[in-house]
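Every value quoted in this text rests on a predicted model; they were computed, and no experiment measured them.
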Amino acid sequence: MEAEVVEAEIVLPTHLNFKRVQMYEKYPKGQARGRHWKHLKQIIQAENYQNYPPDEPNYVNIESPPPMHPCKRICDITGFEAPYFDPRTKLRYANAEVFKVIRSLPNDYVQRYLALRNAAVVLK
Amino acid sequence: MPFISKIERQTDYTQFDSTVPIVIDNGGSYFRIGWAGEDEPRVIFRNIVQRPRHKTTGETVTVVSDHNPALLRYFDCTRSGPRSAFDGNVVYQFEIMEYILDFGFDRLGADQSQIDHPVLITECACNPIQSRCRMAELLFESYGVPSIAFGVDAAFSYKYNQQLGICNSDGLAICSGFMTSHAIPFINGEPAYEACCRTNVGGYHVTDYLKQLLSLKYPHHISKLTWEKVEDLKMEHCYIAPDYTSEVRIFKKGAKEAEEKTRCWQLPWTPAPVEEQPSEEELARKAALKERQGQRLREMAEAKRSSRINELENDIRGLEFLLKQLKQVEENNVPAFLRETGYASKQEIESNLAKAIQSLRKAKGEQVETEEKMDASTADKYNLVNVPDDVLTPEQLKEKRKQLFLKSTTEARQRAKQKRIEEELEREKQMKLEEEKRLENPERYLEDLRAKYRELSEKVEQRKRLKTNGNNTNGNQNGSGGVGRGERLNAAQRERMRLLTTAAFDRGKGEDTFGIKDEDWQLYKLMSRDDDEEDEKSNEDEADLARVSSRLREIDPTFFPKAESGSSTAEPPRFRPLTKEDFQLILGVERFRCPEVLFQPNLIGIDQSGLDEMAGVSIRRLPCKNQGLEEKITKSILMTGGSCQYPGMAERLEAGIRMIRPCGTPITVVRASDPSLDAWRGASVYAAAMQFPNQTFSRTDYYEKGEDWLRRYQFNYTL
């Protein structure tokens, strides 16, 4: 380990005095480290919130509902208001110049712009 | 404004009595740890972990929080990106959490056998029980903590500000964090979770949006747009417009106000060294040098040629001498003589001699007299051709056939040569015509040529674009695996896919009969990618284009061939020197478009309410509908959390809430005194109070009463 790295102490030491069980004992080397921690979706499923009265606040029922205001449509490229919609690329645009730009974009840029809006085509 | 991590190791751990609690604010972006009762947390760092491999030793180490990239160059960080223990605002990865806690305690100065202080740690609102249990287990088991308490960070912040007098005991806390934002109403100082409301947008989404927009706008500066840099940009330059539509209209008009509001980031740039026009002397010197080199080459060529001529002459003389000798020798001794000289027969010597004479003539630069030879030998070579068949013997017939064949081939060759000469003449004529046209009206000619160039280039580019649109994305995006992930397939690729799927389709019962018939294998020919679209027309167009562009280059000094890039956004056109402007990133509309996401999450596709609507939803969800209460709540709305520090947020929030509340309600929106640290401070004040131990639960409690009890664990915020 280089001197400056040791000095800067950026590496976490493997043995710490105040721990009762050290990390290397808990997660022995060689075992698949990708311990299958449950993701949030699985945690929520396992919680079984439907068994409990719906009045009680829990992680799921405090989520906010979809908005009441009408969705604001802005141009995907410039951010101006966008009354127009391109059926081929499915992007929203504000005026004719932006339209020209849109039609000259290669496909992966189009998909990235759509992905900003969560509207990209995802083939699984 | 940008955060600075504090990770110095503290040295006074032992001075704290074991009743002094440790307060931890476990946030999505930063982890803050310190002692109860103090004003500032001792240690603050980013809540991420990296596990890179050391380049030389190969061991995998753990690095918590972000560090100086200069130190990280000793490690191979390609496989290990920064990872967070959070999914949303819930801790789910407890291995990473353990690393982070290790680091936190270590920097706080802990070095004894176990952490012997009660711990107050924050969690999210309505944390799932499993996460809470695991956290408790982790702290009890691995660290030996005697007792724990969990609290919600937004609530601590509200209580702290309540003590400071900024907000009242009935109010609403709007807490905008890293991954989520909450709106929690407080009644009599206690949070009312039944009316709480959460939207899954936070600072992370704003930074990510800004990063994507800038990368798409300036793809050639993508290496400069790191996450940390974009966060800095966001904190410095982003603001919230009081009304998005009117603000955007200012920019659309391009008025002077828009100019003032645009910020420009100049990247470091050095101008390319300007090549000075070589002076007269330089030019003359260079020309002389070239002359000299040319002269040298010519001399060398001359020398070679003369030496070759000499050689050939020598050979010819030798051969002639040999022939003469042969004539003098008698019949019997001919084979012996020939054997000595190494030639098989007299004919060979003669043919060699003839070849040598011919090469000599060529070397000397005379016309090769093939024509004459042709004519001279046609007569005797084809002597048999015209003789009718029945007169000849079988041998002579064979001869005749050979001669016919020879004759036809030579005639064909002559015809081809003729055609070539004719074409040359044609081309010469064309060039002469063009020259005349140019000379008589140079400008119009130039115009015509330019116009022709333009349309040809457009046609070619369009065809190229259509052809390679699908292929480009295939090449760029997927190294592995075939078509997928949302690319548009052009007609050829669709056809290929169809063939592949029909060929591979398993018809279930029966065996696979593909390949039994020979025609089946023709499928592969159809699918072959190599001869894709041999469009003759496109080749013609391209050839025309090349000719026109070369012509233009000759005569027009201001003409530059258009860059051959398929997409104009891919790289800056290189035919003009890069200027200062190429290295500037302009932040105009993005300044207020990105934080707008907090108020309108459907700009990034999240279908939930924004901050202002959340307040309304929260008030609606209150269990007891009471006009007075609602007014009291709206009179004290507190903004807290790291992501509420945008300028202009308070006004926008107020305007938004006014829209949804009945007319005339008093609305006051205040910002917390220190939006990022208030949660920790509140927790610290709380933990220092006398009744704090009543709110904690110990290890024995946890193991006796179990998980269910933890579910009903409620934290009282008023003491």
Side-chain angles (χ1 to χ4, degrees), chain A residues 1-2 4-5 8-13 16-21 23 26-27 33 35 37-40 43-44 46-47 55-59 62-69 71-72 74 77-81 94 101 104-109 111-113 115-123, chain B residues 61-64 67 71 74 87-88 90 92-93 95 98-99 102-103 105-106 110-115 126 128-131 141-144 193-194 196-199 212 216 245 248 252 469 472-473 476-477 484-488 567-568 589 593 600 602 604-605 607-610 613-614 617:
Chain A
M1 209 60 81
E2 291 78 357
E4 53 178 4
V5 169
E9 283 194 78
I10 58 176
V11 174
L12 196 67
L16 292 153
N17 289 338
F18 50 83
K19 289 193 73 170
R20 294 162 90 186
V21 185
M23 281 301 262
K26 207 178 203 186
Y27 303 111
R33 247 192 144 121
R35 203 151 324 276
W37 295 111
K38 289 200 178 144
H39 285 268
L40 184 60
I43 296 181
I44 292 178
E47 291 280 306
D55 297 343
E56 273 180 27
N58 54 48
Y59 194 79
I62 61 173
E63 287 235 9
S64 39
M68 287 289 157
H69 293 317
C71 172
K72 175 154 292 167
I74 60 167
I77 317 268
T78 55
F80 300 149
E81 303 173 83
V101 172
S104 71
L105 282 178
N107 192 31
D108 50 341
Y109 278 83
Q111 291 302 315
R112 281 167 71 182
Y113 272 115
L116 282 185
R117 251 200 297 141
N118 221 4
V121 177
V122 176
L123 294 179
Chain B
V61 297
T62 323
V63 175
V64 175
H67 288 276
L71 290 174
Y74 295 112
D87 185 354
V90 173
Y92 80 110
Q93 264 264 20
E95 185 184 340
E98 202 172 331
Y99 286 130
D102 278 351
F103 189 77
F105 284 131
D106 181 45
D111 53 357
Q112 288 154 2
S113 56
Q114 56 181 22
I115 309 281
C126 302
I129 308 299
Q130 280 193 25
S131 172
E141 293 300 311
S142 302
Y143 298 99
Y193 290 117
E194 347 21 288
C196 169
C197 180
R198 178 188 80 238
T199 300
Q212 305 270 32
L216 281 168
T245 340
V248 131
K252 201 165 178 183
N469 218 356
N472 255 348
T473 53
N476 291 349
Q477 281 189 352
R485 279 169 236 143
E487 286 124 30
R488 308 247 186 272
S567 69
S568 49
V589 179
R593 180 178 171 185
Q600 301 205 23
N602 49 33
I604 48 176
D607 202 15
Q608 290 187 300
S609 327
E613 277 191 73
M614 268 161 62
V617 166

*asked:* Tell me whether B:K252 is salt-bridged to A:E81, with the criterion being a basic N under 4.0 Å from an acidic carboxylate O.
replied: no

*Taking atom CD1 of B:I129 and atom CD1 of A:I43, what is their separation to the nearest 0.5 Å?*
11.5 Å

*What distance do B:Q212 atom CD and A:L116 atom CG have between them, rounded to the nearest 0.5 Å?*
5.5 Å

_Contact check, side chains of B:E141 and A:V21, non-hydrogen atoms, under 4.5 Å_ = no

_Spacing of CG belonging to A:N118 relative to CD1 belonging to B:I604, to within rounding of 0.5 Å_ = 8.0 Å

*Between atom SG of B:C126 and atom CD of A:E63, what is the distance when rounded to the nearest 0.5 Å?*
11.0 Å

*Could you check which of B:E98, B:Q130, B:M614, B:E194 has the highest count of heavy-atom pairs closer than 4.5 Å to chain A?*
B:E98

*Validation row: A:K72, B:T245 side chains within 4.5 angstrom (heavy atoms)*: yes

_Worked check of side chain to side chain contact (heavy atoms under 4.5 Å, CB included) between B:D106 and A:F18_ = CA-CA 8 Å; B:D106 181 45; A:F18 50 83; 4.3 Å; yes

*Among B:N602, B:D102, B:T199, which residue forms the greatest number of heavy-atom pairs with chain A at distances under 4.5 Å?*
B:D102

*Side chain, backbone, both or neither: which part of A:L40 has a non-hydrogen atom closer than 4.5 Å to chain B?*
both

*Note, A:Y113 side chain near B:L216 side chain (heavy atom, < 4.5 Å)*: yes

*So, for B:Q93 and A:W37, which heavy atoms are closest and what is the spacing to 0.1 Å?*
OE1-CD1, 3.0 Å

*asked:* Quick check on A:I74 against chain B: is it the side chain, the backbone, both or neither that has a heavy atom closer than 4.5 Å?
replied: side chain

*Does some side-chain heavy atom of B:S609 sit less than 4.5 Å from a side-chain heavy atom of A:P65?*
yes

*With distance as the sole test, does B:Q608 use its side chain to make a donor-acceptor pair with the main-chain N or O of A:S64 at under 3.5 Å?*
yes

*Within-4.5 Å side-chain heavy-atom neighbours: A:P67 and B:D607*: yes

*Of the backbone (N, CA, C, O) and the side chain (C-beta and beyond), which part of B:Q114 lies under 4.5 Å from a heavy atom of chain A, both, or neither?*
both

*About how many Å separate NZ of A:K19 and OH of B:Y143, when rounded to the nearest 0.5 Å?*
4.0 Å

*Based on non-hydrogen pairs under 4.5 Å, which of A:A119, A:P13, A:C71 is most in contact with chain B?*
A:C71

*chain B contact via A:A46 - which portion, at a heavy-atom distance below 4.5 Å*: both

_Less than 4.5 Å apart, side chain to side chain, heavy atoms only: is that true for B:V589 and A:T78?_
no

*Check A:Y59 against B:P128 and note the closest heavy-atom contact, atom names and distance.*
CD1-CD, 3.8 Å

*When rounded to the nearest 0.5 angstrom, what distance separates CZ in B:F103 from CG in A:L16?*
11.0 Å

*Can the positive tip of B:R593 be found less than 6.0 Å from the middle of the six-membered ring of A:F80, inside 45° of the ring normal?*
no

_B:Y92 to A:K38 - nearest heavy-atom pair and separation_ = CD1-O, 3.1 Å

*Going by heavy atoms in the side chains, are A:H69 and B:Q600 under 4.5 Å from each other?*
no

